[in-house]
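Below is one structure, written out as structure tokens, with a few remarks after it.
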There are 2 protein chains.
Amino acid sequence: MAMRRLRWPWTEWTQGYSRATLSSDLVAAVIVTLMLIPQSLAYAALAGLPPEVGLYASIAPLLLYALLGSSRVLAVGPVAVVSLMTATAIGDLAQAGTAAYGTLAITLAFLSGALLLLMGLLRLGFLAYFLSHPVIAGFITASALLIAAGQLKVMLGVQAGGHNFFELSLSLLRHAADTHVRTAALGLGTLVFLFWARRGARPLLLRLGLGPRLADGLARAAPVAGIAAAAAITWAGQWQDQGVRIVGAVPQGLPPFTLPTWDLSIWRQLAVPALLISLVGFVESVSVGQTLAAKRRQRIAPDRELLALGASNLGAALSGGFPVTGGFARSVVNFDAGAQTPAAGVFTAVGIGLAALLLTPALYYVPQATLAATIVVAVLSLVDLHILRSTWAYSRADFFAVAATLLVTLGAGVEAGLVAGVGVSLTLYLYRTSRPHIAEVGLVPGTEHFRNRLRHAVRVSPELASLRVDESLYFANAKVLEDRVNALVASRPQLKHLVLQCSAINDIDASALDSLEAIDQRLRDAGLRLHLSEVKGPVMDRLQATGFLRHLSGQVFLTHFQAVAALAPEVLEAAA
Amino acid sequence: MAMRRLRWPWTEWTQGYSRATLSSDLVAAVIVTLMLIPQSLAYAALAGLPPEVGLYASIAPLLLYALLGSSRVLAVGPVAVVSLMTATAIGDLAQAGTAAYGTLAITLAFLSGALLLLMGLLRLGFLAYFLSHPVIAGFITASALLIAAGQLKVMLGVQAGGHNFFELSLSLLRHAADTHVRTAALGLGTLVFLFWARRGARPLLLRLGLGPRLADGLARAAPVAGIAAAAAITWAGQWQDQGVRIVGAVPQGLPPFTLPTWDLSIWRQLAVPALLISLVGFVESVSVGQTLAAKRRQRIAPDRELLALGASNLGAALSGGFPVTGGFARSVVNFDAGAQTPAAGVFTAVGIGLAALLLTPALYYVPQATLAATIVVAVLSLVDLHILRSTWAYSRADFFAVAATLLVTLGAGVEAGLVAGVGVSLTLYLYRTSRPHIAEVGLVPGTEHFRNRLRHAVRVSPELASLRVDESLYFANAKVLEDRVNALVASRPQLKHLVLQCSAINDIDASALDSLEAIDQRLRDAGLRLHLSEVKGPVMDRLQATGFLRHLSGQVFLTHFQAVAALAPEVLEAAA
């Protein structure tokens with residue numbers, strides 16, 4: 001769509017860029033920058049990377065997305081779930097903290113970016129749609145629980161471990177007595193403050209007499225205040241000498257130029273994780289972008305998003321970062337703070353760049369436990385256990401897909417969880433369509449409508465049977481129709497005509513055509529005739545290209561009523 | 001179905017079994033026995049097993065199927081494709097001709113039988129439907145070509161080899177000069193005779209003054225005469241001393257009692273081949289059974305077929321055999337020869353038993369090349385290259401499934417071919433349903449019908465858009481609808497109402513429900529309302545169980561015409 005136009009996306013908003021728009025974008029950028037600095041550090045830690053990498057990953061991607069993306073307000077950078085997936089993907093191949101680990105993260109971002117670009121160029125974005133909502137919901141929830149459990153360990157300063165969520169939780173309980181008191185005080189203190197700040201900061205500031213706009217902005221900056229307070233306490237007590245782990249020295253400077261490894265055996269090992277990261281990142285990002293765009297009656301172009309996110313990840317790879325995508329929380333903050341155009345993203349990138357250049361010494365005393373608390377607060381809002389109840393009520397197949405994704409992710413990790421979820425949901429979809437609803441219908445007296453004879457008082461003829469198949473006919477369900485017809489014919493010795501009402505058949509594939517031919521032949525052998533009614537235009541076009549209609553023992557009727565009127569008029573008379 | 005009745009299947013036909021039926025069954029049994037003796041030897045050779053194993057595999061399975069099966073005329077035993085699959089599955093694990101090889105064949109039959117029984121008990125027969133007609137056609141054709149190439153080697157007495165069809169064909173060409181003249185004379189002589197006998201034997205016998213019934217029976221026995229003649233020539237010239245390979249000594253006696261290996265590592269290696277053999281065998285057998293049953297207005301019960309074929313394979317495993325299924329040629333011969341009940345199968349089993357007990361010395365001089373010729377004739381009738389042309393014309397997706405199955409089977413073997421075929425056809429099906437046809441419809445003037453506005457001259461309103469989705473809504477296509485609605489709304493500033501015509505939507509899964517909720521929310525945010533029309537009963541039932549309809553910004557209309565009449569009456573007035 002966007003590609004056909006051959007225009008650079010930014011021409012849509014640079015024309016008529018006014019002082020008022022500039023002011024809105026600048027305010028939003030300041031607020032988002034304040035929010036992003038601690039978040040970037042925290043997500044880098046979650047991915048097993050040094051803090052400055054989080055800042056690097058928030059600069060080039062923001063700029064590239066602003067140039068190429070189709071959403072006006074999406075903020076791209078490190079996010080919780082992708083950071084966890086990064087740690088999982090490269091954790092087995094190198095030790096966190098080593099240079100090799102950093103190179104693997106860069107390579108993962110590079111591969112993920114290349115895959116997204118490729119999907120954009122080949123228009124393969126639909127692949128992401130195979131991650132169904134229940135699978136994504138179950139996956140995000142399980143990932144959030146995994147992340148929260150891991151961060152709880154950091155918040156309490158205990159040495160817990162385990163290969164999955166259940167082992168880690170047990171281990172946390174077992175080591176609860178080893179809690180490091182000062183660390184836990186900082187971690188839990190930050191946690192309580194952050195939960196309070198979400199709801200309590202704005203009303204308090206308003207009560208203190210601040211204007212609503214200023215109160216809003218300051219309330220959003222409250223987490224920064226909390227982190228600053230924790231850092232001040234640590235500095236005042238020099239708690240880093242008493243076992244409180246701090247961020248420590250963060251190198252000052254702009255992002256370095258980096259390259260991925262060109263070792264193909266590494267690429268092979270990272271290919272599947274990179275694909276999964278690309279798909280999850282794309283789905284999340286597009287759904288955030290669409291939700292926000294619709295609020296202003298704008299729209300985003302999924303194929304262009306693939307290119308923009310691909311370029312963002314390549315940008316992250318070339319500037320010392322790690323895999324990124326459009327984040328929910330930061331984009332909503334950007335939107336709510338009044339960002340009008342992608343220029344807000346450019347200003348935010350400048351802000352983070354300044355922070356990387358000047359502000360890192362100020363981060364020295366920030367306790368790791370405080371960063372862990374900001375992650376826990378962020379991810380707990382992603383936990384959605386309600387989905388289990390709602391899918392159970394609405395659709396058992398979807399419930400099983402959620403449950404499988406959730407349990408496998410918690411028990412065997414993010415990659416196995418995603419694969420299991422997609423596998424279960426595809427299998428259940430195929431199972432469902434392979435057993436279509438087939439109703440024998442009859443005439444509703446006094447109308448030209450036909451309904452299921454098991455549910456309604458309808459008129460039928462012993463010589464004519466009408467079957468309505470509520471599914472497209474394809475290889476997995478063609479035999480079911482054959483079985484049903486065979487059973488019907490064997491049980492009705494008087495039968496002379498079978499009419500298939502095709503109103504819900506959107507496609508007939510070659511297997512189903514073979515089955516229809518077999519049904520027609522068997523009916524003919526048994527002295528019956530097969531008719532069709534209400535065949536859709538596109539289906540009819542394709543049938544006409546074959547010999548099927550020429551050899552059909554019966555006729556094709558425009559409406560089912562016409563079929564019955566022609567073949568079993570006594571049904572109409574009795575009804576009249 | 002059959003299981004609910006709790007009756008033994010044979011009570012259906014033992015009651016009222018008359019002298020006339022007995023006579024029909026006996027005649028059919030004699031003809032089928034004569035046909036099966038050489039075929040059983042040939043298929044055993046194809047599977048890499050000694051000749052007597054072919055006879056053993058034609059006794060217990062025939063008896064068990066007669067007791068349990070739902071087809072009255074299906075003849076169960078070794079068939080070409082399953083024999084090839086057997087040789088492929090166990091050829092890597094042991095050397096043909098060794099005792100270990102025989103035990104592996106028995107184990108494969110045992111596992112295949114157990115899987116079929118399990119599928120029958122768990123009602124998993126629908127799994128077989130995922131082998132689409134194009135995949136099966138491509139697979140059978142490729143298998144037949146593979147078999148024919150392999151047998152050509154035996155017919156010519158050359159030492160050719162190769163890892164796939166293409167290598168084998170090249171090798172045959174390269175070694176053509178090494179042809180063993182006497183072997184080739186017998187092999188090609190039999191081949192020509194068999195091809196002639198198919199069409200020419202009956203007219204010749206009729207011209208010689210025989211009655212039509214007798215001519216028919218003798219014509220069917222012609223292959224036996226040809227094989228006897230080849231054996232006589234070999235004996236007369238003692239050609240076995242001049243390099244012609246013969247069947248040789250075949251032990252006399254009834255089938256031995258055998259057991260599979262209980263080595264679980266072997267079971268693991270044979271599990272996938274056993275599953276594929278079960279599925280292919282089941283699909284072939286059921287399609288033969290259904291075709292023949294329909295000719296007499298009978299039917300077969302697929303779930304019972306699973307149990308009967310499972311028992312037949314277990315029987316083969318316990319009596320020194322190898323995997324079996326219902327064969328096409330022998331069943332058709334049985335049917336045409338007048339078999340009325342499964343008693344014909346029992347008599348055939350007795351006939352083969354007598355042959356195993358008494359007749360094996362007579363098989364000593366039968367040349368291997370002659371048996372190879374009978375296989376070539378049998379499998380060439382399975383080659384169906386027409387399927388490539390017909391699927392190309394009817395459905396490109398099906399064409400790619402056939403082509404992939406055919407090429408992968410020829411190039412990489414039977415198991416890879418089947419897996420590739422199923423993979424390609426499922427992927428293409430999902431791809432198709434993930435991009436549903438969505439038409440914007442308008443009112444056909446003078447009617448209450450709505451058609452695609454791109455194809456027909458219809459009336460529309462600038463304030464109301466009508467979309468008809470020609471596919472059930474599920475996770476893989478829900479986003480496509482979202483994109484389409486977003487594009488529509490962004491391009492029509494005057495739009496106030498969007499009506500989804502749901503006549504072709506047979507299901508809405510949880511992801512699609514989420515998408516509908518998101519669409520509704522976005523439309524509401526943009527000042528529009530979403531309405532539904534012509535929602536099917538079962539879909540409506542499920543929607544009513546959720547909050548969706550309560551929160552819907554618009555209404556649900558029974559017919560699309562009512563929706564337009566209520567929301568944009570000017571469309572009707574202009575049309576009037």
Side-chain angles (χ1 to χ4, degrees), chain A residues 1 126 129-130 132-134 290-291 293-295 297-299 302 390-391 393-395 397-398 425-426 429-437 470-472 474-480 482-483 486-487 489-490 503-504 506-507 509-511 513-515 518 521-522 525-526 536 538 542 545-546, chain B residues 1 126 129-130 132-134 290-291 293-295 297-299 302 390-391 393-395 397-398 425-426 429-437 470-472 474-480 482-483 486-487 489-490 503-504 506-507 509-511 513-515 518 521-522 525-526 536 538 542 545-546:
Chain A
M1 314 176 209
F126 75 92
Y129 301 158
F130 287 97
S132 69
H133 289 215
Q290 277 177 335
T291 304
K295 286 186 198 277
R297 212 161 172 156
Q298 297 159 350
R299 67 183 291 249
S390 67
T391 51
Y394 182 67
S395 148
D398 284 306
S425 49
L426 287 180
Y429 170 70
L430 292 171
Y431 178 76
R432 228 160 45 230
T433 58
S434 75
R435 317 198 129 188
H437 180 233
D470 283 346
E471 196 70 61
S472 293
Y474 78 114
F475 56 86
N477 63 27
K479 284 278 173 196
V480 176
E482 284 190 49
D483 291 347
N486 291 345
V489 171
S503 47
N506 300 311
D507 190 30
D509 79 350
S511 301
L513 181 66
D514 286 351
S515 278
Q521 187 57 51
R522 285 176 203 153
D525 288 347
K536 300 200 171 194
R542 290 177 65 196
T546 72
Chain B
M1 312 177 213
F126 75 94
Y129 302 157
F130 287 98
S132 70
H133 289 213
Q290 276 177 334
T291 304
K295 284 187 199 275
R297 212 162 173 154
Q298 297 159 350
R299 68 185 291 253
S390 67
T391 50
Y394 183 68
S395 149
D398 284 307
S425 49
L426 286 181
Y429 171 70
L430 292 171
Y431 178 76
R432 229 161 44 231
T433 58
S434 76
R435 317 198 128 187
H437 181 234
D470 283 347
E471 196 70 60
S472 293
Y474 78 113
F475 56 86
N477 63 25
K479 284 278 173 196
V480 177
E482 284 190 49
D483 291 347
N486 291 345
V489 171
S503 48
N506 300 311
D507 191 30
D509 79 351
S511 301
L513 182 65
D514 285 351
S515 278
Q521 187 56 49
R522 285 176 204 155
D525 287 347
K536 300 200 171 194
R542 288 176 65 195
T546 72

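Any value given below was found using the heavy atoms of this structure, including those in side chains, with hydrogens, waters and symmetry copies removed. Proteins come first, then strands; the chains are lettered A, B, ... in the order of their sequence lines, and each starts at number 1.
In this structure, B:Ser472 OG and A:Glu471 CD are separated by 4.5 Å, a value rounded to the nearest 0.5 Å. With rounding to the nearest 0.5 angstrom, the CG atom of A:Asp398 is 8.0 Å from the CZ atom of B:Phe475. With rounding to the nearest 0.5 angstrom, the CG atom of B:Asp514 is 9.5 Å from the OG atom of A:Ser132.
In terms of heavy-atom pairs under 4.5 angstrom with chain A, the leader among B:Pro538, B:Ser425, B:Ser390 is B:Ser425. Contact count against chain A (heavy-atom pairs under 4.5 Å) is highest for B:Pro134 among B:Pro134, B:Ser503, B:Ala393, B:Ala545.
If you measure heavy-atom distances from A:Ala487 to chain B, the contacts under 4.5 Å come from both the backbone and the side chain. In this structure, the portion of A:Ser434 lying under 4.5 Å from any heavy atom of chain B is its side chain and not its backbone. For chain A, the nearby part of B:Asp507 is the side chain; its heavy atoms alone come within less than 4.5 Å. Residue B:Ser395 touches chain A through both its backbone and its side chain, counting heavy-atom pairs closer than 4.5 Å. Looking at B:Ala518, there are no atoms closer than 4.5 Å to chain A (heavy atoms on both sides), in backbone or side chain. Proximity to chain A (any heavy atom under 4.5 Å) is restricted, for B:Tyr474, to the side chain, taken from C-beta onward. B:Leu513 touches chain A through its side chain: at least one heavy atom from C-beta onward sits under 4.5 Å away, while N, CA, C and O do not.
Checked against side-chain contact (heavy atoms from CB on, under 4.5 Å), A:Asp470 has the following partners two or more places apart in sequence or in another chain: A:His437, A:Arg468, A:Ala504, B:Asn506, B:Lys536. For the salt bridge (Lys or Arg N to Asp or Glu O under 4.0 Å) test, residues two or more places apart in sequence or in another chain that qualify with B:Glu482 are B:Lys479, B:Arg522.
The two residues A:Asp483 and B:Pro302 come nearest to each other via the heavy atoms OD2-CG, 3.5 Å. What you find for A:Tyr394 and B:Ala510 is that their closest heavy atoms are CE2-N, 3.8 Å.
Put simply, the side chain of B:Thr433 reaches to within 4.5 Å of the side chain of A:Tyr429, judged on heavy atoms.
Put simply, the side chain of A:Ser511 gets close to the backbone of B:His133: a donor and an acceptor are under 3.5 Å apart.
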